[in-house]
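All remarks here apply to the structure that follows.
Worth knowing before you read on, the calculation uses all heavy atoms, side chains too, and leaves out hydrogens, waters and symmetry mates.
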Amino acid sequence: MAGHGADEHPHGADRLCEAGDRVYSRAVRRGRVPRRDAEPVPCLLELALLHPDPDDMDWLVPTSPQEVMTRLLRGMHDEVSASQRRVGSAVAAVEWYAGLGRQVRPAASGAEGPAIRVLDGLARIQAAMDEATQACTTEVLTVQPGGIRREAELSEGLHRALALRGRGVRMRDLYTHVARHGQGLLTYLELMGDAVEARTLDEVIDRLILFDRTVAFIPANSDRTMALELRHPAIVEYLVTVFERLWRLAIPLTAPLPDTGIEGISHREQSIAALLAEGHQDAVIAERLGISVRTCRAHIARLSETLGAASRTQLGVRIAQAGLDGPQHSSTSVSVPGQESRTVR
């Protein structure tokens, strides 16, 4: 039987291989078979379907089919019994843990619902936002990226904003500088009056809405058809801290943007120059500043013309020479090769 292992016959007595079935059937019909006939099918000996003839060891006699069937049925019964015991244990464990779940008390903070909830679909997001609006009594903090706000976006949340204003809730909104050029935002702020204070930055984080510093909403995917509702105190506190630090850096919407101190270079172009100096591509810069790629490239072209750069590489050098690759310093005079001296305040 050398060279014929059990691995070549991965089966049990209930489903013999074709060669094994032929040898066993012949043994049952004839009463015995020569040992050499079973050499290609060692599974018959391993499964005890054949065993040596005590009167002649060169022959093998079969185990009766009735005994084989009894053995198979006993094995199946044992397997079913073991499975039933495992199922019973699993059911008992589920009942035990379910009982524990009923005993869990709400968190000490008193916040309703789970600490983190996934809201799938605009309808669920709006329903959760409406619920948070109704429960809000003091303050709403928002971060609104994406440049000029579309009137449809402003109208979608207008009913919530008006409800908050009616209850005396204060609102603070952060936008990008680009949002200053949208008439829809200006109309919205006029409608809300003193209930809303708005500030702008070159760039902000992704959308964030905080109600009473107890519940926050952030996007959960890129197209914003899913959102996370956050009620864990540590997470909410962290997001409030992020908002407050951005708020201190932001410029009130009622105040003008600071002058760059370089003739012919706007505040937006200064921001683009700083991002170019960091090595960002046009599309990334456009997304971060809330403008289109086409608008971004138009500003880059004006930067190149103003600084006298004939290539992107040379533009990087000119940006560094003009001090546009970082925070502006106090009054200095910057001389750009090939250009007139420009004063930087």
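- Across all non-hydrogen atoms, the minimal contact from Tyr188 to Val196 is OH-CG2, 4.3 Å.
- Checked for salt-bridge contact, Glu18 and Arg22 meet the test: a charged N lies under 4.0 Å from a carboxylate O.
- Each of Val28 and Val61 belongs to its own hydrophobic cluster when Ile, Leu, Val, Met, Phe, Trp and Tyr are linked at side-chain heavy-atom distances under 4.5 angstrom.
- Distance alone, capped at 3.5 Å, places no donor-acceptor pair between the Asp282 side chain and the Arg297 backbone.
- The shortest heavy-atom contact between Ile319 and Ala277 is CG2-CB, 4.3 Å.
- Leu228 and Val242 fall within the same hydrophobic cluster, where Ile, Leu, Val, Met, Phe, Trp and Tyr residues are linked whenever their side-chain heavy atoms come under 4.5 Å apart, directly or through other members.
- A salt bridge between Glu229 and Arg124 is absent, with no side-chain N of the basic residue lying under 4.0 Å from a carboxylate O of the acidic one.
- Both Leu239 and Leu249 are assigned to one and the same hydrophobic cluster, defined by single-linkage of ILVMFWY side chains at heavy-atom distances under 4.5 Å.
- Between the Arg167 side chain and the Cys136 main chain, a donor and an acceptor come within less than 3.5 Å of each other.
- For the 3.5 Å distance criterion, the side chains of Asp223 and Thr225 qualify, holding a donor opposite an acceptor.
- The shortest non-hydrogen separation linking Pro62 to Tyr24 is CB-CE1, 3.9 Å.
- In the hydrophobic clustering of ILVMFWY residues, with side-chain heavy atoms under 4.5 Å counting as a link, Val204 and Leu253 come out apart.
- The closest side-chain heavy-atom distance from Arg224 to Asp206 is below 4.5 Å.
- Side-chain N or O atoms of Asp212 include one that pairs as donor or acceptor with a backbone N or O of Thr137 at under 3.5 Å.
- Within the 3.5 Å criterion, the main-chain N or O of Leu191 finds a donor-acceptor partner in the side chain of Arg165.
- Note on Leu201: it does not cluster hydrophobically with Ile251, by side-chain heavy-atom contacts below 4.5 Å among ILVMFWY residues.
- Taking all atoms of both residues into account, the shortest heavy-atom contact from Arg117 to Ala128 is NH2-CB, 4.0 Å.
- Remark: side-chain polar atoms of Arg170 are paired, donor with acceptor, to backbone N or O of Asp194 under 3.5 angstrom.
- Inter-residue side-chain proximity for Arg172 and Glu244 is flagged as met; some heavy-atom pair is nearer than 4.5 Å.
- For the pair Asp53 (side chain) and Leu60 (backbone), a donor-acceptor distance under 3.5 Å is absent.
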